[in-house]
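All remarks here apply to the structure that follows.
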Amino acid sequence: MVKIAPSILSADFVNLERDIRAVSCADYLHVDVMDGAFVPNITIGIPVVKSIRKCTDMFLDVHLMVEKPARYVEAFAKAGADLLSVHLEADHPARIAEALDIMGDCGVKKAVALRPITKAEAVLPYIEQLDLVLVMTVEPRFGGPAFMEGQLETVRQVRAIIERYNPACELEVDGGVAPDTAPLVVEAGANVLVAGSAVYGAADIPGAIAALRGALR
Ligand code: DX5
Ligand code: ZN
């Protein structure tokens, strides 16, 4: 089954609890952490994840768009993340491996994320230990930019690597996912779809989640 992961980046932060409850029919809650250095935007951090953890039982999928993420893995795990993804571009390979080791020690699920510039093969050193690979289909920055269709090839290549080395690993696509693009990413091999503006930009939020699921039938 394909999973839907609404991104709270497009929620109303004044009414975050209300907006989290509105997506309780989804599968994961996607939390975009941006540090103003790895990406030119600053979003939310550890105290907010801690507060979110208190108000929902949803699976917290925390996407770390931060430089040198190994520094923060333990803190986000303790704050209540269920899964953490670190960008392969955010540090040297040895420090990415260290970030994954810390995730293992903390008992959270392990993921790596790829910006559009990064080739699928970059996941190879880590693939056997991963629970999820996140492929960006926009340049990470703000919610809402246009879907990059060229990234479908990267999704296909990562799916092939997953099938070969670790078939249980999930493949998440993040950026520009909407009812028109959702079938394309699923056809390319994704099984977790992040959606920010397509969910929170809708007047009927549960209806928007249903529309995404409906687009896949
Ligand atoms: C992009 C973030 C995404 C973003 C997706 O910088 O990592 O999670 O919120 O938003 P939409 O679905 O609006 O492209
Ligand atoms: Zn994200």
Side-chain angles (χ1 to χ4, degrees), residues 2-13 16 19-20 22-23 26-45 48-49 52 58-67 69 72 76 81-90 108-118 131-152 154-155 158 170-186 190-203 205 207-213 215-216:
V2 174
K3 295 174 180 168
I4 307 293
S7 163
I8 58 164
L9 187 58
S10 297
D12 174 1
F13 285 175
L16 191 52
D19 277 5
I20 290 171
V23 300
D27 304 287
Y28 292 173
L29 190 69
H30 187 81
V31 180
D32 285 310
V33 177
M34 302 187 184
D35 67 350
F38 182 71
V39 284
N41 191 12
I42 301 176
T43 56
I44 64 181
V48 179
V49 171
I52 293 172
M58 286 181 82
F59 182 94
L60 292 189
D61 156 23
V62 178
H63 179 189
L64 297 180
M65 285 162 277
V66 304
E67 283 190 358
Y72 300 111
F76 277 101
D82 291 299
L83 174 143
L84 289 167
S85 54
V86 290
H87 268 271
L88 293 179
E89 311 83 8
V108 295
K109 293 202 168 183
K110 302 177 183 183
V112 297
L114 283 68
R115 289 179 95 133
I117 195 172
T118 303
D131 296 292
L132 180 144
V133 175
L134 183 165
V135 175
M136 296 293 315
T137 39
V138 296
E139 267 306 335
R141 177 174 298 216
F142 301 100
F147 179 78
M148 297 168 70
E149 207 156 332
Q151 280 300 89
L152 290 172
T154 303
V155 176
V158 172
E170 299 200 289
L171 175 46
E172 179 175 62
V173 164
D174 185 3
V177 174
D180 59 334
T181 51
L184 305 178
V185 298
V186 170
N191 79 301
V192 183
L193 309 187
V194 176
S197 40
V199 168
Y200 283 113
I205 290 174
I209 294 168
L212 281 169
R213 294 197 202 278
L216 304 174

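As the structure lists them, so they are numbered: ligands from 1, and atoms in each ligand from 1.
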Ligand 1 atoms in contact with [X] (distance to a heavy atom under 4.0 Å):
X	value
S7	8 (O), 9 (O)
D32	2 (C), 3 (C), 4 (C), 7 (O), 8 (O), 9 (O)
M65	7 (O)
L9	9 (O)
M34	6 (O)
H30	8 (O)
G175	14 (O)
V194	8 (O)

When you measure from the side chain of [X] to the backbone of [Y], do you find a donor-acceptor pair of N or O atoms at a distance under 3.5 Å?
X	Y	answer
D174	M136	no
D27	A5	no
T137	G175	yes

* Kindly give the atom name of the N, O or S atom of H30 closest to the Zn ion (ligand 2). =>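 Sorting the N, O and S atoms of H30 by distance to the Zn ion (ligand 2) puts NE2 first.
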
* Which is the closest N/O/S atom of D174 when seen from the Zn ion (ligand 2)? -> OD2

With rounding to the nearest 0.5 angstrom, report the [atom1] to [atom2] distance, [X] to [Y].
X	Y	atom1	atom2	value
K110	D131	NZ	CG	7.5 Å
L60	I52	CG	CD1	6.5 Å
T181	L212	OG1	CG	8.0 Å

* To do: Give a yes or no on whether a salt bridge exists between K3 and E170, defined as a side-chain N under 4.0 angstrom from a carboxylate O.
  =>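 Looking at K3 and E170, the cut-off is met.
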
Heavy-atom nearest neighbour in the protein, as seen from [atom], with distance rounded to 0.1 Å:
atom	value
atom 5 (C) of ligand 1	D174 OD1, 3.5 Å
atom 12 (O) of ligand 1	G196 N, 2.7 Å
atom 13 (O) of ligand 1	S197 OG, 2.5 Å
atom 14 (O) of ligand 1	G176 N, 2.8 Å
atom 6 (O) of ligand 1	R141 N, 3.0 Å

* To do: Could you tell me whether ligand 1 has any atom less than 4.0 Å away from a heavy atom of A198?
  =>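 The answer is no: ligand 1 sits nowhere under 4.0 Å from a heavy atom of A198.
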
Would you say [X] and ligand 1 have an N/O pair spaced under 3.5 Å apart?
X	answer
E139	no
S10	no
A195	no

Do the non-hydrogen side-chain atoms of [X] and [Y] ever get within less than 4.5 Å of each other?
X	Y	value
E172	V177	no
V86	L84	no
F147	D180	no
D19	I8	no

* Can you tell me, to 10 degrees, how wide the angle at the Zn ion (ligand 2) is between OD1 on D32 and ND1 on H63? =>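 Nearest ten degrees: 90°.
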
* **Per-residue contact class, H63 against ligand 1 - non-hydrogen pairs under 4.0 Å** => side chain

* Asked: Does ligand 1 have a heavy atom under 4.0 Å from the side chain of P140, from its backbone, from both, or from neither?
  -> both

* Asked: Should we say atom CD of E139 is surrounded by more than 12 heavy atoms from elsewhere, each under 6.0 Å from it?
  ->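 Check passes, neighbour count above 12.
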
* Do the side-chain N and O atoms of H63 and D61 include a donor-acceptor pair separated by under 3.5 angstrom? -> no

